[in-house]
Structure formats: C-alpha cells, structure tokens
Engineer: 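Here it is: the structure, laid out below.
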Amino acid sequence: MHELVGALRSYAWGSRTVLAQLCGRPVPSAHPEAELWFGAHPADPAQVHIDGRTESLLEFVAADPQRQLGAVAPEFGGRLPFLLKILAAEEPLSLQAHPSADQARAGFERENLERVPLDSPMRNYRDDSHKPELVVALNRFEALAGFRDPHRTVALLTALAVPELKHYIGLLAAQPDSSGLRTVFTTWITLPQAMLDTLLPKVLDGCVRYLADGHDEFTPEARTVLELAEAYPGDAGVLAALLINRITLEPGQGLFLAAGNLHAYLNGVGVEIMANSDNVLRGGLTPKHVDVPELLRVLDFEPLALPIVTPEPVDEHSFRYCTPATEFALRRFELEAGADPTPIPRTGPGIILCTAGTVRLLQGVDDLEITPGGAAWISAADTDIRAQAVDGAAQLFCACVGGE
C-alpha cells in the first residue's frame with residue numbers, strides 16, 4: 001500500500017473553504033476548489049508516494065498492470081476502471097447526462113473521424129467509455145436527477161398558475177409518459193431566445209407568487225427554479241429544471257445515475273465514484289457548449305423514481321452502496337475510537353479515502369496514517385489490509401472494482 005495524493009481541480013462552482021478546511025490548509029483558498037480526484041484519469045492522475053519519490057498513478061499502473069490491477073486487468077484494458085472524488089459544490093453544476101457504452105463508442109469514433117480535437121470545447125466524447133456514477137453525501141446534498149413522474153409535473157406547473165404554461169400542461173397531461181416529457185423538454189430546450197426571454201420571467205413570477213402565498217407542496221422546486229434563474233439568467237435549463245426530480249440527500253445517503261439520466265448537483269459535499277470517463281452531454285445551466293441534438297439522442301426520458309441509494313449494513317462498522325456498475329463498488333466505514341483494527345475487504349485494486357478523523361492502515365508489519373482528504377493506493381497484490389481509528393472516531397471510504 002502507498003500514500004496517494006489527490007489532484008485538486010478548480011471550477012467556478014467550487015468552494016473556497018470546504019476542501020481547504022477538510023485537508024487542513026489555510027481558508028479561504030485562492031480559487032474555488034471543486035474536486036479532489038483520486039484515480040488514474042489521464043487528465044489529472046493522483047500521485048503515488050513510493051520509497052521517497054512521487055509517480056502518477058496512471059504511470060504506476062501502466063508499468064505493471066497485472067500486479068496493480070490483478071485479475072481485472074484484461075477486462076479493463078490494463079487501466080484502472082474507476083475514478084474516486086471528493087466533490088464540493090457551492091453553486092449548481094451544469095444540467096447534464098452521460099452516454100451509454102454503445103453511444104460513447106460510436107460518438108468517440110465519429111468525432112475522431114470528423115477530426116474534432118480532443119481538447120476542443122465543441123467535443124462531446126473525449127473517450128469511448130460510459131460514465132455511471134454514484135455520489136454519497138457527506139453533508140446535506142441537493143440535486144436534480146431524472147425526469148419526474150409527469151402527473152406530478154402537471155400538478156407542479158398547474159400550481160404555479162402561469163397562463164403561459166397552459167399549453168405545455170395540456171401537452172403533458174394528454175401524454176403523461178416518456179413521449180410527453182420528450183416533447184415538452186425538446187420544445188423548451190430549443191425555444192428561440194426571444195421566446196424564452198418572454199416565458200421565463202412569467203414562470204419566475206409564478207414561483208414567487210407560489211412561495212409568497214405560503215404553499216409548501218412544491219416549495220423546494222419553486223425555490224430551486226428561482227435560484228437557478230439568478231445564477232443562469234435567460235438559460236433554457238431553468239425551465240428544464242421544472243421537469244426533473246428535486247432531491248435532498250442526508251449524510252450517508254447515495255444517488256446513483258445511470259446512462260441517460262439528466263441531472264445537476266446543486267449544493268453540498270460528497271464522495272463521488274464513477275467509471276473512468278470524461279464524457280458529458282450538457283443541457284443548460286452553463287456557458288459551455290450545449291449540443292442539443294446529441295443530448296436528445298442520449299437522454300432517457302422514462303420517468304424516474306427518486307434514485308436514492310440507501311447504504312446496506314455489512315457489519316457494525318461498514319456499509320455497502322449497491323449499484324449495477326461493474327467498474328466500481330463503494331463501501332463506507334465508521335471506525336470507533338479504541339476499537340480493534342477493521343478488515344477492509346475489496347475486489348481487485350482499491351483506493352482508501354479518509355473523510356473524518358485519523359486512520360491508521362495496517363498490513364503485516366507496515367502501517368500508514370491518513371487524515372481527511374488523504375488516501376492510500378492498495379494494489380491487487382496487497383492483502384490483509386486493516387484500518388483503525390487514531391485519537392477518536394474516523395470515517396473512510398473504500399473504492400474498488402465492482403462485483404462485490
């Protein structure tokens with residue numbers, strides 16, 4: 001096992017306090033800090049400390065994939081198949097979806113044939129992989145995820161009492177299914193800016209009236225639309241947000257997003273794990289490139305029940321987050337002060353990430369201490385890893401290849 005140092009990513013929606021405070025650095029940071037990446041993604045691999053030197057995890061794995069990845073190496077082409085992150089969202093992320101494996105392969109090949117540079121802002125597919133993802137809340141975490149049941153959306157739009165929405169209410173009420181959702185979403189996302197600039201203020205006025213009148217059934221939805229409009233004035237994604245489930249995760253709860261699920265993280269801190277891909281199709285709430293025809297090709301318009309993942313207790317110290325992803329699996333460990341070392345089971349290679357307290361990792365006569373924001377790389381060849389809290393309770397996450 002080796003100490004692993006995450007790659008810090010700065011985006012405008014990040015926080016100047018959360019990650020710096022977590023990692024024990026001065027607050028506020030010079031720039032908004034959005035994510036800490038722990039993985040072997042070519043765009044920004046984590047760094048492994050080995051015998052006094054530092055090497056990127058990407059190079060470290062590539063030098064001996066059989067030892068580092070073990071039996072899963074052939075299945076994933078000698079590459080680590082997952083990327084683990086700590087995410088700190090102080091402002092909303094873009095409205096987005098990710099392609100399926102088949103869509104990613106076809107899109108990547110097509111853009112290669114079209115000679116779209118990999119670093120072009122017009123590029124949709126930067127690799128040939130899909131990107132299922134799971135986020136686990138470290139504090140209260142707010143998100144939009146998946147199209148809401150159309151009957152509930154009809155009730156929401158009706159409650160806003162906006163005459164200009166009557167036509168769209170009629171469309172969705174007459175066809176309360178994926179086809180109706182596709183029709184309304186496509187209409188809104190392709191509205192000419194002049195029409196959007198007329199409709200959107202009317203909708204915002206309806207949200208203000210709804211809240212002022214003391215209604216509470218759709219209070220989070222109305223507030224979210226107003227907040228998004230303030231951050232992204234005149235953006236069609238603000239209207240689209242009316243069609244999507246508004247979700248609040250409490251600490252420890254997870255949210256799983258499969259291919260085609262339209263979503264946006266709004267606010268909060270979480271541990272996120274995903275297939276090792278950077279394929280994103282944006283649908284609004286961003287100044288970046290939005291390819292509407294390609295987005296419509298990948299979106300899944302089937303209404304989605306709240307995709308919340310409740311952790312499954314494995315024993316008194318650990319909890320498993322079950323998803324259908326084959327690239328990754330995630331467990332959370334709550335370590336008590338003074339308790340005996342806890343075994344860390346896993347499939348293949350793993351990354352152990354500390355999110356609270358101090359953890360001592362043990363392997364035979366070797367040990368490694370990690371603090372919040374710190375991590376360790378565990379190769380497939382490393383066995384009998386145990387973890388123990390030091391000076392008080394501690395929390396850690398263990399990411400490994402799926403198939404637990």
Side-chain angles (χ1 to χ4, degrees), residues 11-19 28 32-35 87-97 135 137-148 152-153 155-162 164-165 168 184-185 188-189 191 193 196-251 253 255 257 261-270 272 280 282-288 290 304 306-308:
Y11 303 117
W13 49 263
S15 168
R16 292 178 183 268
T17 59
V18 171
L19 293 180
E33 297 176 344
E35 297 177 336
L87 176 147
E90 197 158 286
E91 297 180 5
L93 282 66
S94 63
L95 197 60
Q96 59 187 256
V135 63
L138 294 180
N139 64 2
R140 178 171 283 198
F141 194 93
E142 312 286 354
L144 298 170
F147 286 99
R148 187 189 302 106
R152 291 287 295 159
T153 295
L156 165 61
L157 299 181
T158 302
L160 297 181
V162 177
E164 289 79 3
L165 288 178
Y168 306 106
V184 175
F185 176 83
W188 282 353
I189 207 74
L191 277 179
Q193 192 62 47
L196 186 61
D197 290 342
T198 299
L199 176 59
L200 196 50
K202 303 290 187 182
V203 172
L204 300 181
D205 288 345
C207 291
V208 170
R209 285 194 306 271
Y210 180 86
L211 295 173
D213 289 345
H215 301 297
D216 58 9
E217 183 179 6
F218 296 110
T219 292
E221 289 81 356
R223 283 181 175 162
T224 295
V225 168
L226 293 173
E227 290 164 0
L228 293 176
E230 184 176 357
Y232 300 99
D235 193 306
V238 177
L239 278 181
L242 287 166
L243 303 175
I244 306 172
N245 290 306
R246 173 65 167 77
I247 294 172
T248 298
L249 299 180
E250 297 300 334
Q253 287 185 310
L255 177 65
L257 295 161
N261 287 168
L262 191 61
H263 64 279
Y265 298 150
L266 302 175
N267 182 270
V269 184
E272 187 179 28
V280 177
R282 295 180 178 87
L285 309 180
T286 178
K288 294 182 179 179
V290 176
L304 185 69
L306 299 184
I308 294 175

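These values consider heavy atoms only, across backbone and side chains, with no hydrogens, waters or symmetry-generated copies. Keep in mind that this is a model prediction, so the values were computed, not measured.
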Engineer: Is there a donor-acceptor contact under 3.5 Å from the side chain of His215 to the main chain of Asp213?
Structural biologist: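 Checked: no pair found.
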Engineer: Please say whether more than 12 non-hydrogen atoms of neighbouring residues, nucleotides or ligands are located less than 6.0 Å from CZ in Arg209.
Structural biologist: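 Yes, CZ of Arg209 has more than 12 neighbouring heavy atoms, counting only those of other groups under 6.0 Å.
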Engineer: Mind checking side chain to side chain donor-acceptor pair (under 3.5 Å) for Glu91 and listing every partner two or more places apart, or none if nothing turns up?
Structural biologist: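 Testing Glu91 for side chain to side chain donor-acceptor pair (under 3.5 Å), a comparison that skips the adjacent residues, returns none.
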Engineer: Can you sort out the partners of Arg246 under salt bridge (charged side-chain N to carboxylate O under 4.0 Å, His left out), two or more places apart, ordered by chain and number?
Structural biologist: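 Partners of Arg246 under the salt bridge (charged side-chain N to carboxylate O under 4.0 Å, His left out) test: Glu142.
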Engineer: Of all the heavy-atom pairs spanning Leu285 and Asp235, show the shortest one and how long it is.
Structural biologist: N-OD2, 2.9 Å
Engineer: Output yes when Arg16 and Glu33 qualify as a salt bridge under the 4.0 Å nitrogen-oxygen rule, no when they do not.
Structural biologist: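 No.
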Engineer: Return the set of residues passing ring-ring contact (aromatic ring centres under 6.0 Å, His included) with Phe147 (not counting sequence neighbours), or none when no residue passes.
Structural biologist: Phe185, Phe301
Engineer: Once ring-ring contact (aromatic ring centres under 6.0 Å, His included) is applied, do any residues pair with Phe141, and if so which ones, sequence neighbours excluded?
Structural biologist: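 Phe141: ring-ring contact (aromatic ring centres under 6.0 Å, His included) contacts with Tyr265.
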Engineer: Backbone N or O of Leu242 within a donor-acceptor pair of the Arg148 side chain at under 3.5 Å?
Structural biologist: yes
Engineer: Leu239 pairs by side chain to side chain contact (heavy atoms under 4.5 Å, CB included) with which of Leu228, Leu199, Val184, Ile189?
Structural biologist: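 So the option named by the test is Leu199.
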Engineer: Considering residues at least two apart in sequence or located in another chain, which fulfil the ring-ring contact (aromatic ring centres under 6.0 Å, His included) criterion with Tyr168?
Structural biologist: Trp188
Engineer: Under the rule for side chain to side chain donor-acceptor pair (under 3.5 Å), what residues qualify as partners of Ser94, not counting sequence neighbours?
Structural biologist: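 With neighbours one apart ignored, the set is Gln96.
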Engineer: In this structure, are over 12 heavy atoms from other groups packed under 6.0 Å from Glu230 atom CD?
Structural biologist: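 Result for CD/Glu230: open.
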